[in-house]
Amino acid sequence: MNKKLKSYDDMNLLELDVMKEISSIGTSHAATSLSKLLQKEVRISIPEVNVLGYDETVSRIGEIEELVTATLVQMSNEVNGLMLFIFKLDLANVVLEKLIGKKYDSFDQMDELAYSALEEIGNIIICSYVNAFTQLVGVEIDLSVPSSTLNMLGGILTVPMAEYGYESDKLMYINAEFIMDGRKLSDGLLMLPDINSLNSILEKLGVL
Amino acid sequence: MAERDIKVGIGDMKFTRGTGTVITYALGSCIGITLYDPAIKLGGLLHIMLPTRTDPGDTKVFKYADSGIHEMIRKLSAFGMVKSRTIVKIAGGAKMFDIKGNTDFGNIGQRNAAMVKKILMEEKMRISAEDTGGAYARTMLLNVATGEVLIRTVGKPEKRL
């Protein structure tokens, strides 16, 4: 009776709108957590949800060989998939300056402390996003422990591409801007449910 | 020297002859495979993402190790490549993330590497150099004039393969 999506691409405007609505609540929860942690005002723009190919996703976030850190968390239970949060240097520095009182010229110079601070922040952002999501959609999601890497942006994005390569050639990029100290800082949050899970999310929300 | 850089995207293959460079950026768990026939200065670079093509109707042949390597060999052979004198080099297949308690996750790099080696062996082509595994992304480029293959990684000097 209802159509099943075969790929992220198949989402129509209504379905994308719904994802955007949920993402907007998810990212505001993430911003609240970040704000509490940093004791600082954090505002966010309304996120855009984009379903993009690999090359486009890379170019939206940055340069293919650009060094970034990323935190990855695996979702399981009623929704299976991956959450990926990418820190570019500007956002990382705002966070680290507040948290450990240091700024860095490049990611190479970061020590273990800075690196694990970023991993933790990435994890907090992802968890608060997912928590808001589960409450809203009414699904149970279990999260794995976070895993981080310091690597080329392009290489990091091949991970979800390969993980779901048999299902789709697209990524779902939730692009919101965090506004701190009057500066706009772009986040790099990717929510990547597998196709079955995407279908069940949209079904639960009554749009499919 | 770099006046003719040919970029190879994910799940794609490009080749050229005589002069120029074929390059692919930020190989993560993917694998880059270069074939170079020095006698006619013909070289190609393939960037695969997954081990096997499961759906025979899938037209993206270069996305997969099995169909990608076969198609690359077929194409280059049509342009005069002779297998017995062709130099094969591979790079990539990293494990970018390690999830504790889930050892299966992120093994795709390893599986890619194993499949690439298997297919090349079936094709009776010997790998003369490789830089696979690890936990970091690599940029791979082949200079078609010289046959030189370079690997670029973050925080390490450029490496000649």
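Just so it is clear: chains get the letters A, B, ... in the order the sequence lines come, proteins before strands, and each one is counted from 1.
Top candidate by heavy-atom pairs under 4.5 Å with chain B, chosen from A:Leu72, A:Ile64, A:Val58, is A:Leu72.
Residues A:Ile156 and B:Met96 approach most closely at N-CE, 3.7 Å, considering heavy atoms.
Not counting sequence neighbours, A:Glu97 has no partner by the salt bridge (charged side-chain N to carboxylate O under 4.0 Å, His left out) test.
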Cross-interface N/O pairs, chain A with chain B, donor-acceptor, under 3.5 angstrom:
from     : atom 1 : to       : atom 2 : distance (Å)
A:Glu65  : OE1    : B:Arg152 : NH2    : 3.1
A:Glu65  : OE2    : B:Thr139 : OG1    : 2.6
A:Glu65  : OE2    : B:Arg152 : NE     : 3.4
A:Glu65  : OE2    : B:Arg152 : NH2    : 3.3
A:Gln74  : OE1    : B:Asn102 : ND2    : 2.7
A:Ser147 : OG     : B:Asp98  : N      : 3.1
A:Ser147 : OG     : B:Asp98  : O      : 2.9
A:Asn151 : OD1    : B:Ala137 : N      : 2.8
A:Asn151 : ND2    : B:Ala135 : O      : 2.9
A:Gly165 : O      : B:Lys63  : NZ     : 2.8
A:Tyr166 : OH     : B:Thr52  : N      : 3.2
A:Tyr166 : OH     : B:Thr52  : O      : 2.6
A:Tyr166 : OH     : B:Thr52  : OG1    : 3.4
A:Asp169 : OD1    : B:Lys63  : NZ     : 2.8
A:Asp169 : OD2    : B:Lys60  : NZ     : 2.9

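Looking at B:Ala94, neither its backbone nor its side chain comes within 4.5 Å of chain A, counting heavy atoms on both sides.
Within a 6.0 Å sphere centred on NZ of A:Lys20, heavy atoms belonging to other residues, nucleotides or ligands number 12 at most. Around NZ of A:Lys40, the count of heavy atoms belonging to other residues, nucleotides or ligands within 6.0 Å exceeds 12.
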